[in-house]
Amino acid sequence: MRWTQTYIPTLRENPSEAELVSHQLLLRGGYIRKLAAGVYIYLPLMQRVIEKFANIVREEMNRAGAIEITMPVLHPAEIWQMSGRYNTVGKEQMRLKDRHEHELVLGGTHEEIVTYLLRGELKSYKQLPINLYQIQVKFRDEIRPRFGLMRGREFIMKDAYTFDENEESFKVSYQKMLSAYFAIFKRAGLDTRKVESDTGAMGGKAAHEFMLIVDTEGGEQQLIFCDKCGYAANMEKAIFREANPPKPDPELLEKKEVDTPGASTIEEVTSYLKVTPKKLVKTLIFLADSKPVAALVRGDRELNIVKLKNSLGANELEMASASVVEKITRCPVGFAGPIGLPNIPMIVDPEVTRLTNFIVGANKNEKHIINVNFGRDFNSKSIADIVNAEAGEMCPHCDGHLVEKKGIEVGNTFMLGVKYSKSMDANFLDAEGKEKPFIMGSYGIGITRTPQAAIEKYHDEKGIIWPKNIAPYLVEILPLNYEKDEHKSAAEQIYNELVSNNIDCLLDDRLERAGVKFFDGDLIGIPIRLVIGDKSLKQGKIEMKYRGSPDSELVDINDVLEEVRKLLGKIN
RNA sequence: CGGGGUGUGGCGCAGCCCGGCUAGCGCACUUGCUUUGGGAGCAAGGAGUCGGAGGUUCAAAUCCUCUCACCCCGACCA
């Protein structure tokens with residue numbers, strides 16, 4: 001492709017809307033433009049990146065035995081009512097009515113549709129297993145779209161769905177997808193890690209996420225890894241063993257109400273009473289499906305809202321507002337405690353039950369109770385791990401320690417079990433002629449977010465450094481002065497040679513000054529740059545440079561094809 | 001949804017608090033001359049009615065009301 005014949009609107013300045021480097025580079029490099037919050041136009045370069053990545057995904061999916069189909073984006077609401085998710089997915093689902101006032105939704109995922117497709121049509125175990133996938137647009141009305149393509153409302157996703165007759169067969173199907181995912185990300189030049197994750201609104205039994213580890217602020221998820229065994233989980237899911245549990249006091253002291261004037265935060269209370277946060281228990285009030293509940297965690301811990309939600313079996317969970325807290329505790333915010341709380345469900349973290357002589361709020365203004373002990377002074381049958389794991393704690397599976405990293409989710413896999421097949425009555429006949437629901441799995445890869453994640457990982461101060469297999473072009477030919485016949489003819493000769501050998505080339509045939517071409521070239525991040533200028537041309541050579549390295553080398557103009565191939569073989 | 005902020009040529013911004021003549025600046029764009037290995041110089045030009053609606057006023061980008069859009073923050077305070 002010639003630069004003057006495509007459309008690459010690079011920007012010199014950063015649009016004010018972009019926060020993340022990757023988002024800024026996509027805008028500045030002329031890859032995307034925003035149409036509305038979380039809705040983007042993919043310009044020619046982005047279109048090529050998407051195609052390249054989608055093709056890798058397609059090839060590996062096909063290789064793993066999956067079959068491509070395309071399902072609609074517009075769904076009748078009834079289908080979502082069948083599975084019951086119409087009431088649980090919440091406001092994230094875009095809903096609309098047609099001219100007949102018929103309720104429709106824009107699909108954010110397609111479990112219902114694919115299950116609907118196969119129920120009634122696929123009747124025999126002989127047709128199983130089957131894996132159907134698509135590469136399709138999705139809509140999710142995110143609370144707060146941000147970070148460009150990373151959290152958009154409209155985005156492209158590869159989603160696959162497996163149907164199996166039993167657990168053993170399902171395990172094979174699931175494993176095949178995991179292997180395919182590793183192959184896909186490897187080919188895309190992205191070293192990803194598989195972590196355990198919560199199943200969330202998808203439901204089902206277990207789930208994994210594929211994460212690209214980054215150390216920029218683009219890392220949207222906190223991850224926990226064991227430094228010894230393979231344990232890896234995201235923060236929502238991660239469990240741990242405490243490395244240094246506080247020693248229990250030798251005797252249980254009598255509980256006592258004390259004044260804590262003006263001390264309502266953990267910090268204020270601990271410094272006023274001269275104790276560590278580990279001696280404190282905080283009582284947090286939440287609304288679970290609009291009903292108040294209390295959650296008790298040690299003062300030094302962070303509450304894990306997903307764990308809490310799961311232990312309650314709640315659909316919606318939010319922090320109670322100050323006014324609700326005050327109504328329940330009958331005192332100002334900051335002094336809630338388990339003793340004397342009205343009869344609401346109370347979830348207690350196990351660490352609290354092991355603590356002795358600890359401090360809680362007294363449900364009275366500016367008062368706390370010291371020397372409180374679980375079992376003696378208050379009780380609850382709901383004891384569950386509801387806190388975040390932290391770096392430094394012990395691995396739950398071995399004697400290693402946990403470390404924290406940040407990552408960007410690029411893929412996920414869910415073991416759905418019979419959640420959808422059962423609720424939607426999607427059954428087949430097994431070898432004994434018995435009717436059974438399909439065992440299902442669902443598998444996503446963010447087609448538009450993955451390239452942005454790649455940029456977040458691979459860039460420098462000048463611009464993008466694409467992994468070769470998802471780069472819009474492999475080679476950029478940069479004649480310093482296209483008006484000069486020697487430059488032009490050399491550029492054309494190389495261009496034709498590479499193109500006729502199926503190497504994607506971008507020829508910067510603009511009548512721009514050299515500097516402009518260099519800056520734009522670095523910005524858009526094409527892996528190999530071939531510079532044609534007087535200095536080297538006199539010797540019958542051109543300059544070849546990999547975007548990820550500072551140095552260029554001179555290669556003979558007649559060996560360009562071979563040299564380019566050699567370099568391509570060496571780079572990521 | 002709650003809190004904060006911003007909407008002024010394609011992009012980035014100034015002007016607004018303390019209303020006043022043809023609304024500025026940089027980049028980009030067009031034309032010409034010069035220049036030509038890391039975002040060129042000079043000259044001449046085109047393009048905005050100040051997010052929208054209503055109001056106050058002799059006069060509104062500027063003040064007031066409503067509205068829309070976009071951006072940022074929002075568990076660890078109980």
Side-chain angles (χ1 to χ4, degrees), chain A residues 9-20 23-24 27-28 30 33-39 90-91 143-148 222 235-236 260 263-269 277 280-287 292 294-309 316-329 331-338 341 349 360-363 365-366 368 386-388 390 462-463 478-484 487 510-523 529 531-537 542-543 545 552:
Chain A
T10 57
L11 300 173
R12 204 174 278 213
E13 288 165 289
N14 258 330
S16 57
E17 70 195 52
E19 287 268 299
L20 292 189
H23 187 192
Q24 292 173 345
L27 287 165
R28 281 220 295 140
R33 287 293 182 266
K34 188 177 72 176
L35 183 63
V39 181
K91 297 203 178 94
I143 316 171
R144 197 177 151 204
R146 57 182 140 177
F147 303 146
Q222 291 294 113
M235 192 53 90
E236 295 178 346
T260 49
S264 64
T265 66
I266 296 291
E267 205 173 84
E268 287 162 354
V269 174
L280 216 69
V281 167
K282 46 187 178 186
T283 304
L284 302 129
I285 310 293
F286 282 83
L287 291 177
L296 271 68
V297 302
R298 219 169 57 193
D300 61 318
R301 293 296 186 195
E302 292 177 12
L303 183 104
N304 182 315
I305 207 159
V306 172
K307 287 183 181 175
L308 178 60
K309 193 170 162 180
E316 305 248 347
L317 185 70
E318 53 174 349
M319 290 217 88
S321 64
S323 62
V324 171
V325 172
E326 283 168 16
K327 209 189 266 173
I328 290 166
T329 61
C331 78
V333 167
F335 302 94
L341 208 59
D349 187 82
V360 299
N363 297 316
N365 193 20
E366 311 209 318
H368 280 76
I386 51 171
V387 301
N388 279 343
E390 283 172 37
K462 291 178 181 163
L478 199 160
L480 290 175
N481 192 339
Y482 196 69
E483 276 174 307
K484 270 195 184 170
H487 291 199
R510 292 177 299 172
L511 305 178
E512 285 287 352
R513 298 171 62 84
V516 173
K517 295 189 182 188
F518 282 131
F519 272 90
D520 277 344
D522 289 341
L523 178 60
R529 184 182 77 192
V531 172
I532 294 158
D534 288 331
K535 275 189 255 167
S536 52
L537 211 51
I542 56 134
E543 286 165 40
K545 180 179 172 296
S552 60

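Only a predicted model underlies this, so the values are computations on that prediction, with no experimental measurement involved. Residue numbers start from 1 in every chain, and the chains themselves are labelled A, B, ... in the order their sequence lines are given, proteins ahead of strands.
Between T10(A) and F519(A), the closest side-chain pair of non-hydrogen atoms is not below 4.5 Å. For the pair D349(A) and R301(A), the minimum side-chain heavy-atom distance is 4.5 Å or more.
Side chain of I143(A), nearest nucleotide from rC1(B), rG37(B), rC27(B): rC1(B). With rG37(B), rC77(B), rC27(B) as the candidates, the nucleotide lying closest to the side chain of R12(A) is rC27(B). The side chain of F519(A) lies closest to rG38(B) when the candidates are rC71(B), rC27(B), rG38(B). Residue E19(A) places its side chain closer to rC72(B) than to any other of rC70(B), rC77(B), rC72(B). Counting only heavy atoms from C-beta on, R513(A) has its side chain closest to rA40(B) among rA75(B), rA40(B), rC72(B).
N388(A) comes within contact range of at least one nucleobase, with a heavy-atom separation under 4.0 Å. G533(A) comes within contact range of at least one nucleobase, with a heavy-atom separation under 4.0 Å.
Atom CD of E268(A) sits in a crowded spot, with more than 12 heavy atoms from other residues, nucleotides or ligands closer than 6.0 Å.
With a 3.5 Å ceiling on both atom-pair distances, the Watson-Crick or G-U wobble partner of rA40(B) is rU34(B).
Contact annotation: S16(A) side-chain N/O to rG12(B) OP1/OP2 distance is under 4.0 Å.
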